[in-house]
Amino acid sequence: MTETFDVKLDEKHYMPDQRFRETAWTPDYASAYREFLADPEGFWEMLARELDWFEPWDRVREWTPPYARWFTNAKLNITRNCLDRHLTDGCRDKPAIVWRGDAGESRTLTYQQLYEDVTRFANGLAALGVGKGDRVCIYMPLVPEQIVAMLACARIGAVHSVVFGGFGAGALRMRINDAGAKAIITADVGYRRGKIIPLKEIVDEALADAPSVETVIVLNRSGSATPPAGRGVDFAKLLEQSAPGCPAEVMDAEDPLFILYTSGSTGAPKGIVHTCGGYMVGTYYTTKHVFDVKDNDIFWCTADPGWITGHSYVVYGPLATGTTVVITEGTPDYPDPGAFWKLVQDLGVSIFYTAPTAIRMFMKHGEEWPQKYNLSSLRVLGSVGEPLNPEAFEWYYQVIGGSRCPIVDTWWQTETGMHMITTMIGDPMKPGFAGKPVPGVVADVVDREGNPVPPGTGGFLVIKEPWPSMMRTVHGNDERYCTYWNTIPGCYTAGDLAVKDENGYIMVLGRADDLIVVAGHNIGTAEVESALVSHEAVAEAAVIGKPDPLKGNAIKAFVTLCTGCSQSDELTAALAKHVREELGPVAVPSEIEYADRLPKTRSGKIMRRVLKARELGVDPGDISTLEE
Ligand code: WT7
């Protein structure tokens, strides 16, 4: 593979209303970034001072590559910042969590109520013998108790490992055993699109071979669960029996806060380890500044807390800012494709954060659904997880945001813990480009040797300085951690390909392993997919490389069509022509196959490797993350 390749840059951009800039927490990107560069430690120290610590740090940062320590010797508990700090007259009765269940049930917990539930449950866990450093697996539906369980672990210094409730028994067992979990917190069932998910049965199957687990705490979600036997404990009883007010465990800044297994769209899952101090500062800062959170905001990140997006931007970051967090067990197109927009209207959501895969799904169903609802409460829109192709950006901006709301396309990873690249509120937005490194982050696009590549030339996306919320290791496999830092000299290699424009805006092209070399040209799957999706008939596209005797690789595309469009030879020809016009002849797929749906990870990423394996008739490898 050659290191670099040329990419066409589109100059189109949108200028948000300048009133955003006047009131933003980061009103002037350039000066904030200069301030950071002039004194990186001072920059982070100022942010850390906004939070509550038991004891201050000796040093802000210690960097002995590839290991970083942040806020050395400081003592804290993140839950004091997410809960206790908000128990003031003005905030105690403010809703912390507003929940909607799959069948329309609803519940609201104020900061005071959340504090009481968390501290009760923390006392309950402690009474069961769970303590500082013990690993606790949380495998739950998206109910407030899931967040209560996470925060209760953090309260007593237990390390949580949340496993998304959509995973099966094999994936769950692997994660329990890798972490050596002492307890598991689950529910009898979850609900999804009106269907029952038998979580407890899946847990029992996983526990058949999980010797480390001593206690199983079960939330009786259905109201008709059989009472837990053996090592089982009833969630509600435990809560009831325990007194509120558990003192927060004094944690060192570098003590682990949680382990989270990466979505593993490539290879076997890794247990990413995040620590207390740096993670708290990084997620607090980015929640506040990137989404520009203000006192009266209603904040809705549609991710499940089972993903890093949920850890950082449903739970820890938003609660640290004291905002009102909306969560729902519901899915965006159930009972109909207006479900999310109804919720935005009913709850007055002002900050809305979702994934491109959801946006493309909404596009597919048409604008009539969002148009049924009043979306005027929206102020800021966010995207995460995959490149937000220009087509989807435009739709999101115009149809959902009413050409009024800035869009923050946030690039980051499970490993980074917090947003790394985006366009700060008030700055010009370029569709297709995530933007620039947030103040506090040094990112660049480089060749294999670590030399920056010129604008318009693709290369590897890297981070050049440590940041507070960076992963500290891979649980039980530090060697794997080191490969992030020793692939390209002096850099953290994200594994993504990207390109910069003359202004330093970064476009993320996709994973480096999704690059296809056709007749000596490097082509990113994301580019071809974006070109296909910009055709009016195409809802979603996935592109793979297929060995070709002549060209080395040929491009094969899988497309799903918008409602009302049907496949035909004319359409195939039109799509090929369209890609030719957009990207040039070298990028035209030699084969286009129509599909009803594409294989995706449970977090919504297209699994090209599964398509490729199927195409080549080989074993796809680990597919535990594949949605049904
Ligand atoms: C990978 C990380 C961290 C949030 C959820 C996914 C891709 C993430 C963007 C974006 C283009 C993006 C990258 C990255 N990605 N955000 N805004 N634009 N690509 O976390 O499962 O750890 O995946 O998601 O390829 O490396 P994750």
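For ligands, and for the atoms within them, numbers begin at 1 and follow the listed sequence. Small disclaimer: the values here were computed from a predicted structure and weren't measured. Hydrogens, waters and symmetry mates are skipped; everything else that's a heavy atom, side chains included, is used. This chain uses plain numbering: 1 for the first residue, then up along the sequence.
Counting only non-hydrogen atoms, the option in Ala355, Gly385, Ala498 that gets closest to atom 7 (C) of ligand 1 is Gly385. Residue Trp412 holds the heavy atom nearest to atom 3 (C) of ligand 1 of all those in Tyr313, Tyr261, Trp412, Trp411.
Interface of Ile308 with ligand 1, defined as ligand atoms under 4.0 Å from a residue heavy atom, comprises 3 (C). Atoms of ligand 1 found under 4.0 Å from any heavy atom of Val384 (numbered from 1 in listed order, with element): 4 (C), 5 (C), 16 (N). Close approach of ligand 1 to Val508 is summarised as follows: ligand atoms under 4.0 Å from at least one heavy atom of the residue are 11 (C), 19 (N).
No close placement of the Phe36 and Trp44 rings is indicated, their centers lying 6.0 Å or farther apart. Proximity of the aromatic rings of Phe167 and Tyr139 is defined here by a centroid distance below 6.0 angstrom, and this criterion is not met. Separation of the Phe291 and His419 ring centroids falls under the 6.0 Å cut-off.
Between Asp333 and Arg193, at least one side-chain N (NZ, or NE/NH1/NH2) sits under 4.0 Å from a carboxylate O, which counts as a salt bridge. Ion pairing of Glu386 with Lys605 is absent here, as no side-chain N (NZ or NE/NH1/NH2) approaches a carboxylate O to less than 4.0 Å. Salt bridge status for Glu394 with Lys12: present, with a side-chain N to carboxylate O gap under 4.0 Å.
Considering both main-chain and side-chain atoms, Thr309 never comes within under 3.5 Å of ligand 1 through any nitrogen or oxygen pair.
Residue contacts with ligand 1 do not include Gly495, since none of its heavy atoms lies under 4.0 Å from the ligand. Note on ligand 1: Thr262 sits outside its first shell, no heavy atom being nearer than 4.0 Å.
The parts of Pro387 lying near ligand 1 are both backbone and side chain, judged by heavy-atom distances below 4.0 Å. The part of Lys605 lying near ligand 1 is the side chain, judged by heavy-atom distances below 4.0 Å. Contacts between Thr410 and ligand 1 below 4.0 angstrom, taking non-hydrogen atoms only, involve the backbone exclusively.
Counted by atom type alone, Tyr67 and Thr473 present zero donor-acceptor pairs between their side chains at under 3.5 Å.
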